[in-house]
Every structure is written in C-alpha cells, then in structure tokens.
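Remarks on the structure that follows.
A, B, ... follow the sequence lines: proteins, then strands. Residue 1 opens every chain.
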There are 2 protein chains.
Amino acid sequence: MKLNPIAQRFVLHWGEMGSKWGVNRTVSQIHALLYLAGKPMPADEIAETLDVARSNVSNSIKELQNWNLIQMVHVMGDRRDHFATSTDVWELFRTVVSERKEREFDPTIVVLRDCMNSADLSKEEAAVQRRIKETLELMQALSAWGDQMLKLDPATLMKVMKLGAKIQNLLLPK
Amino acid sequence: MKLNPIAQRFVLHWGEMGSKWGVNRTVSQIHALLYLAGKPMPADEIAETLDVARSNVSNSIKELQNWNLIQMVHVMGDRRDHFATSTDVWELFRTVVSERKEREFDPTIVVLRDCMNSADLSKEEAAVQRRIKETLELMQALSAWGDQMLKLDPATLMKVMKLGAKIQNLLLPK
DNA sequence: TTGATGTTTCTGTATTGACAGAAACTAATG
DNA sequence: CATTAGTTTCTGTCAATACAGAAACATCAA
C-alpha cells in the first residue's frame, strides 16, 4: 500500500506527537495508518507501507492491542491476521483517555492516598501535609469527573464542550 | 536539605510520572521538590537534596522556567539565585495544561488544517478526507473548550467538575 | 508428514536522551 | 583589578529504548 502525500504527513506527524507524549513512534504511526486506511491490514503490509521491520510491527501491534485500540479480524480467503482500528475519532479519543487514566493517573492517586495514610506523614511539616492532601484532592476530583465524562455519548460530550465557559451561568442560579 | 520519607516518595513518584508523560525525570523531581518545600531554594541545595549533578539542575531549571512553572527570587544576604514554584496546586495544574496545549496540541491542529487546505487533499479517498476533517474538528473543539475552562477560576472549575455527568440534565431542557 | 506460509521471540546493534564533571564564563566584592 | 562565588556551556560516558534481522515456532494444506 502506497501512501499519498497527505496520508503520509498525517502518519508521520502522529508519530512525532506520540513521541512527545511518551508513546513509541512506530506504535502511533501504525495506529494512524490503520485509522486512515479504514480497513483491516495484515502486519506485513503495515511493515511495508511504513518501511519498518516486520518484528517491529508485531511488537507494536501487541502494544496497540493492550491499549484496546485495534482488533484482530480476518478476511475471506486470507489466512493472515488483519488488524483494524475504529474510524470513529470520538471512540478512539475516549479509549486513549480512559486507558491513560487507568495506567498513569489512577496509580498516582493510590500513591498519594498511601502517603496520606502513612505513619511517616506526621514527620512532615503541616504545610507539606496540606500540599499532598490538596494534590490528592485535585487528582481525585479530576478522576471522578473524567470517569463520568467518559460515560457520556459523544453528542452530549460535544454539547458540553460547545457550552464552554457559559456553563458557569447554569451553575450560579442554583 | 534532607527529605523525610513521605516527601521523598512524593518526589520520586512525580519523577516517574513525568517520564511516562514525556517530561524529563530530573525536571519533574525538581518541580515536585520545590512544590513540597514551599520556599525558594538555590540550585546547589536542589542538587544536593536530589543527589544529581549541579549542571543537571541548571539545565532543568531553565526548562522549568520555559514552562512558566518556577520563578527566580532572591533572599536577603544571599547572592545566589533562588527558585520557587507556586504552592497552589490548581495554578500549577493550569499552567501545565495550558503550556502543553500550546506546544503539543495546537501545532497538530495547524498541521491538520494545512492538510485540509492542501492541493494534495483531492488525491485522497473521500473517506480519508472525512477522517482527517473529523479529527481536526474534535481537536478544535477540545482546544476551544480547554481555553475557556482554563480561564475559569479554580472554585468555578471545581463546581463544574463536581457537577459531573449531571451536567446533561442542565443541557436537555434547553 | 512435509513443505509452505505466516507469526512470535530472541539477540545484537544503533539511536537517543540523560547525566556527570570539567571548563568557560559572568558578576559582585573588597 | 584580582579574587571569590556563582552560573552556564561543553564534552564524553552511560543507560534506556527502539529497532532490524534471524531464528524458532505454529498452522494449514496437500
């Protein structure tokens, strides 16, 4: 599969973005490719299109599966595993946010709670205790809010976002 | 300055977290340290406390300054520059989100817009064009929403978050 | 059961980024 | 203006990660 200039630019840029956010470049590129392709692709074709080693693709696919971002599917008359991602950008967005939250946000909350419950806490100055507590509270609030937002359907979520800062008008008269 | 066990745990964990999100470990550690310390510290004391090279601290401080996360201050009777960060976790949160957005989110929007305006776009399948468009739209919506949320004061923002999914009740009767 | 096709794991190399230590530089003080 | 205290930049080393290529493994069809 040969990429047109725009698709190429998209895939390459997505790879760079991924890097900046701690995602392996090849992993992001593969996902971008499958998203644009919009149809299942076998691993060897992915490797060829992106010009990376077959084994690299294999490992990256495993990673994407762990992130629930791609599914394995089969094509009639083809023995090979094919891989596909959702073409619904909202669904992808929510999957990414939810996975990241689970593996890189919630664990921090656990650590902070742990700190708050530790016997060692009394050794710290009151101000330090307060700051840890405030950090925990902010993160918990964000976490609970995030969970609820993720449950809303895209259309509602979009409405909420469109509302933007006007939301405070709905808030006050209460 | 010697760190108590809890402070140490906090600082180390913050460093790990940073790494996962593409922030240099020392940079995150220094920021965590200054946050907990709650008072200005000179570079050499930071280096000693975290047990890293003086030069490493110097570079990391520069990075934190670029992120608007720390300020240089001076202490009476001390020639050295001291560095301090806000102890308001909300302010920190907003600074980080806003800086990240500016340098790693908005540029992607620019690239996507560019793609949409490119003459090459017609070479792509209609479905590809649509997906790029949808991606751009989602990111623009998020960006605009983020800008507005960042302008709200912490208390309001907290109320919005507390409201959570109940927000859709305010939305429907409209 | 054997060859063909496809997948996964392993091993070594290369690249990147982090970091220490030294050297160079700058500014303040007497 | 030289000495001291402090900061920044530079250079080389180290560690982590990404990656290619090969080998091992699995599955299917004849």
Are any protein N/O atoms closer than 3.5 Å to N/O atoms in nucleotides 8-17 of chain C? If there are, list each pair with its distance.
from	atom 1	to	atom 2	distance (Å)
dT9(C)	OP2	K62(A)	NZ	2.6

Show me, pair by pair, the donor-acceptor contacts under 3.5 angstrom made by side chains of residues 52-61 of chain A, not counting sequence neighbours?
from	atom 1	to	atom 2	distance (Å)
N56(A)	ND2	T26(A)	OG1	3.3
N59(A)	ND2	S55(A)	O	3.3
S60(A)	OG	N56(A)	O	2.8

Charged N-O contact under 4.0 Å between D114(A) and R9(B) =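 A salt bridge links D114(A) with R9(B).
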Between E137(A) and K133(A), does at least one N-O distance fall below 4.0 Å, as a salt bridge requires?
->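 Result for this pair is yes, salt bridge flagged.
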Within this structure, what is the [atom1]-to-[atom2] distance between [X] and [N], rounded to whole angstrom?
X: R25(B); N: dA15(D); atom1: CZ; atom2: P; answer: 12 Å
X: I61(A); N: dG6(C); atom1: CD1; atom2: C1'; answer: 13 Å
X: N56(A); N: dG21(D); atom1: CG; atom2: C1'; answer: 12 Å

Okay, side chain of E124(A), backbone of A7(B): is any donor-acceptor separation there less than 3.5 Å?
->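 Yes; at least one donor-acceptor contact below 3.5 Å.
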Is there a residue in residues 39-51 of chain B whose heavy atoms reach under 4.0 Å of DNA chain D, and which residues are they?
->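 The stretch gives none, as no residue of it lies under 4.0 Å from the strand.
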Which residues in residues 11-21 of chain B have at least one heavy atom lying under 4.0 Å from any atom of DNA chain D?
->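 Residues of residues 11-21 of chain B under 4.0 Å from DNA chain D: none.
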Quick one: closest heavy-atom pair of T85(B) and L69(B), and the distance?
->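 In terms of heavy atoms, the two residues are closest at OG1-O, 2.7 Å.
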Looking only at heavy atoms, what is the nearest atom pair of P107(A) and E102(A), with distance?
->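 Minimum heavy-atom separation between P107(A) and E102(A): CD-O, 3.4 Å.
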Separation between OG of S19(B) and CZ of R25(B), rounded to the nearest 0.5 Å =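 Here the interatomic distance stands at 6.0 Å.
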Out of curiosity, does L36(B) fall in the hydrophobic cluster containing L3(B) (side-chain heavy atoms, cut-off under 4.5 Å, transitive links)?
->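 Both belong to a single hydrophobic cluster.
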In terms of the nearest nucleotide of DNA chain D, which residue is placed more toward the 5' end: D78(B) or A53(A)?
->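 Checking each residue's closest nucleotide, the 5'-ward one belongs to D78(B).
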Parallel under 30°, tilted from 30 to 60°, perpendicular over 60°: which one fits the rings of F10(B) and W14(B)?
->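 Rings of F10(B) and W14(B): parallel, under 30°.
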Mind telling me whether H31(A) and Y35(A) have parallel, tilted or perpendicular rings, with 30° and 60° as the class edges?
->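 Y35(A) vs H31(A) ring planes: parallel.
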Does one side chain, of E99(A) or N68(A), offer a donor that lies under 3.5 Å from an acceptor on the other?
->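 Judged by distance alone, the side chains do pair up.
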Measure from NZ or CZ of R100(B) to the centre of the six-membered ring of W67(B), then state whether that distance is under 6.0 Å and the direction lies within 45° of the axis.
->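 No.
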Nearest to the side chain of T26(B), which nucleotide is it out of dC19(C), dC19(D), dG6(C)?
->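 Looking only at side-chain atoms, T26(B) lies closest to dC19(C).
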For residues 143-152 of chain B, run the donor-acceptor check on the side chains, cut-off 3.5 Å, and write out each pair with its distance to 0.1 Å, sequence neighbours left out.
from	atom 1	to	atom 2	distance (Å)
S143(B)	OG	K101(B)	NZ	3.0
D147(B)	OD1	K101(B)	NZ	3.1
Q148(B)	OE1	A165(A)	N	2.7

Strictly under 3.5 Å: I want the nitrogen or oxygen pairs between protein and nucleotides 27-30 of chain D, one per line.
from	atom 1	to	atom 2	distance (Å)
dT27(D)	O2	R79(A)	NH2	3.3

